[in-house]
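Here the structure is laid out as structure tokens; the discussion comes afterwards.
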Amino acid sequence: MCGIVGIVGRSPVNQRIYDALTMLQHRGQDAAGMATGDGARLHLRKSRGLVKEVFEQRHIDRLVGNVGIGHVRYPTAGSASAAESQPMYVNFPYGITLAHNGNLTNFDGLKTDLRHEDRRHLNTDSDSELLLNAFAHELQMMNVGRPSADDIFRAVHSVHRRCQGAYAAVAMIVGVGIVSFRDPHGIRPLVHGRRPSEWGYEHMIASESVALDMLGFEVVADVAPGEAVFISEAGEVARQQCAAPATHSPCLFEYVYLARPDSILDGISVYKSRLRMGEHLAKRVLERYPGHDHDIDVVIPIPDTSRTCALPLAYELNVKYREGFIKNRYIGRTFIMPGQQMRQKSVRQKLNAIGLEFKGKNVLLVDDSIVRGTTIRQIVQMAREAGARRVYVASAAPPIRYPNVYGIDMPAAAELVAYRRSEDEVGRLVHADWLAYQHLEDLIDSARAGNPTITAFDCSVFNGKYVTGGIDHAYLTHLSRIRNDKTKQQRDGEPALAQSALELYDHA
């Protein structure tokens, strides 16, 4: 999960790209970058850190030009080094820089082809660099002095043929314009907007509509699966379908957790979908009580993502909704923190319980999802320490039992708390009095109700069905080796843990 943005403006775009990246900061907190073009030269700044840490005013001043792209990153596989920050750049042909959200699943084969057949030099282990070089090579094969929109579309068509997996990308060709494209299944989101200026329309591409809203751009359309949108430096727009039609299957987890609630993705309001999740989840909770005669005194969300879901849940249960945890706004999202030690340490730094809302009560905690289980277990313990008589847990998402291969850092299957465990077993592991999960069918209905034309979603983390195909046991085993927490700790210089927290619990 990353955030990308591209703008073709009629005036300098540096400040607007900066502002857009701050609106997409929730999609990645590891690194940020921006590249702008003034027609002749490319100007680039990228580094590890939050947007406000990477860009000082002196950096913004140097990023001149009316065209540019930006990126916020969190790492999945590979390294979290500054070298893998984006946008990435190659100087041949033309000078191309690219920002990418997603994950290529044919990494090894594509890497071999680029090195040995295309003679492209690769400097990192990032699949984004592979995507950039694949696009650059195909554009090179056009063998033209200045590429036209049709040349660029033919290059994107070849990229779709060579690259498998999830990718929403925006690339800037120096002196030419920007092109954005999305994988044939449309797994990761991408939206095109425009706004009028006295010299004509300015155009913007972003991962989420909220970035367009903040800058005053109206949504034109989502970039369709397999489609490419080219915007010249003069502001001329061309669109073309560059891949054979595939089943549009946006990532369902975007609506559960990843996206901001004020975004609209593929015509679906994230906020409305989360309200519907709460209504469906109330039914799952009431299944725990024959006759619906429950003993819940209060519903408390685990901030921030689960708030929208918790409100209709409390209404359906006819109990009080209360804010029982206060969040420290200066601690990042624990889900996307690299390394288990950092995530565990951050839970109590991030949340503090209000004792009056817990003391002597039967409390229903609502979370958006449960991945490793260590965070929710600490929160359950905090609720008990605050005086709760009984602590129940409801998850807006179904059990997560399978790794994600499309750009979300969900760990090796063995590190997922629901892996090979029943709902009741997970409840006992996190020390809850009981735990209720959303049903997958209800979660799908919660999203699809916003846009009935979407007939399928990528639900692979819940059901193990990977929409692109080609994901076998060998691939998942390899993914486990590079994504497990021990590997990440060693990669990032942290001391390795002998066992995960749940392994320690299982052997206690």
Side-chain angles (χ1 to χ4, degrees), residues 1-2 4 76-78 98 100-114 125-135 138 156-170 180-190 207 222-228 241-256 258-259 265-266 398 400-413 416 440 443-444 447-448 453-483:
M1 179 185 72
C2 299
I4 62 176
T76 50
L98 176 142
H100 163 225
N101 174 31
N103 186 63
L104 301 185
T105 56
N106 63 330
F107 180 94
D108 291 336
L110 181 59
K111 183 176 181 180
T112 298
D113 289 346
L114 286 168
D125 291 323
S126 169
D127 61 338
S128 301
E129 188 184 19
L130 298 187
L131 186 63
L132 169 60
N133 276 274
F135 176 64
E138 298 303 331
V156 173
H157 177 83
S158 296
V159 167
H160 286 314
R161 176 178 51 81
R162 301 185 69 177
C163 297
Q164 299 169 18
Y167 47 94
V170 59
S180 60
F181 54 93
R182 197 173 175 196
D183 71 77
H185 291 273
I187 298 171
R188 302 262 73 86
L190 200 60
S207 292
D222 293 280
V223 178
E227 183 185 38
Q241 191 69 29
C242 296
T247 302
H248 186 187
S249 307
C251 175
L252 191 57
F253 205 69
E254 289 277 357
Y255 302 95
V256 173
L258 301 182
L265 307 180
D266 289 308
I400 295 172
R401 295 193 168 104
Y402 303 91
N404 183 276
V405 302
Y406 299 129
I408 306 174
D409 190 22
M410 289 185 179
L416 298 167
L440 180 56
L443 181 59
I444 293 172
R448 182 183 287 149
T453 65
I454 298 178
T455 59
F457 292 87
D458 170 54
C459 308
S460 52
V461 297
F462 307 119
N463 61 13
K465 297 177 181 178
Y466 298 96
V467 296
T468 60
I471 307 301
D472 55 18
H473 178 73
Y475 181 88
L476 293 177
T477 300
H478 171 71
L479 194 71
S480 173
R481 285 198 299 268
I482 63 176
R483 281 200 192 174

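No donor-acceptor pair closer than 3.5 Å links the side chain of Asn404 to the backbone N or O of Met410. At least one donor-acceptor pair closer than 3.5 Å links the side chain of Asp472 to the backbone N or O of Tyr475. The backbone N or O of Thr247 lies less than 3.5 Å from a partner atom in the side chain of His185, making a donor-acceptor pair. With Asp183 contributing its side chain and Tyr167 its backbone, the two residues share a donor-acceptor pair below 3.5 Å. For Asn106 (side chain) and Arg162 (main-chain N/O), a donor-acceptor pair under 3.5 Å exists by modelled atom type. Arg182 places a side-chain N or O within donor-acceptor distance of the main-chain N or O of Arg188, the cut-off being under 3.5 Å. At least one donor-acceptor pair under 3.5 Å links the side chain of Asn101 to the backbone N or O of Cys2.
Counting heavy atoms from C-beta outward, Asp266 and His248 have side chains that approach closer than 4.5 Å. Side chains of Asp125 and Lys111 form a contact here, defined as non-hydrogen atoms less than 4.5 Å apart. Pro250 has its side chain out of reach of Leu265: every pair of non-hydrogen atoms, C-beta onward, lies at least 4.5 Å apart.
Interatomic distance, Ile408 CD1 to Ile400 CD1, rounded to the nearest 0.5 Å: 8.5 Å. The CG atom of Leu440 lies 10.5 Å from the CZ atom of Phe457; values are rounded to the nearest 0.5 Å. A distance of 4.0 Å separates CG in Leu443 from CG in Leu252, rounded to the nearest 0.5 Å. Separation of atoms CG (Leu104) and CG (Leu130) is listed at 6.5 Å; rounding is to 0.5 Å. Taking CD1 of Ile471 as the start and OG of Ser460 as the end, the distance is 8.5 Å to the nearest 0.5 Å. Between the CG atom in Leu114 and the CG atom in Leu131 there is a gap of 10.0 Å [rounded to 0.5 Å].
In terms of heavy atoms, Ile4 sits closest to Ala168 at CD1-O, 3.4 Å. Nearest heavy-atom pair, His160 versus Gly226, reported as atom, atom and distance to 0.1 Å: NE2-O, 3.6 Å. For the residue pair Ala413 and Pro403, the shortest heavy atom distance occurs at N-CG, 3.9 Å. Heavy atoms only, all atoms of each residue included: Phe107 and Ser126 are closest at CE1-C, 3.9 Å. Scanning both residues, Ser180 and Leu190, for their nearest heavy atoms gives CB-CD2, 3.9 Å. Taking each heavy atom of His100 and Ser128 in turn, the nearest pair found is ND1-OG, 2.8 Å.
No close placement of the His157 and Phe181 rings is indicated, their centers lying 6.0 Å or farther apart.
Defined by atom type and a distance below 3.5 Å, a donor-acceptor pair is present between the side-chain atoms of Thr468 and Tyr406.
Ring orientation note: the planes of Phe462 and Phe253 are tilted relative to one another, at an angle of 30° to 60°.
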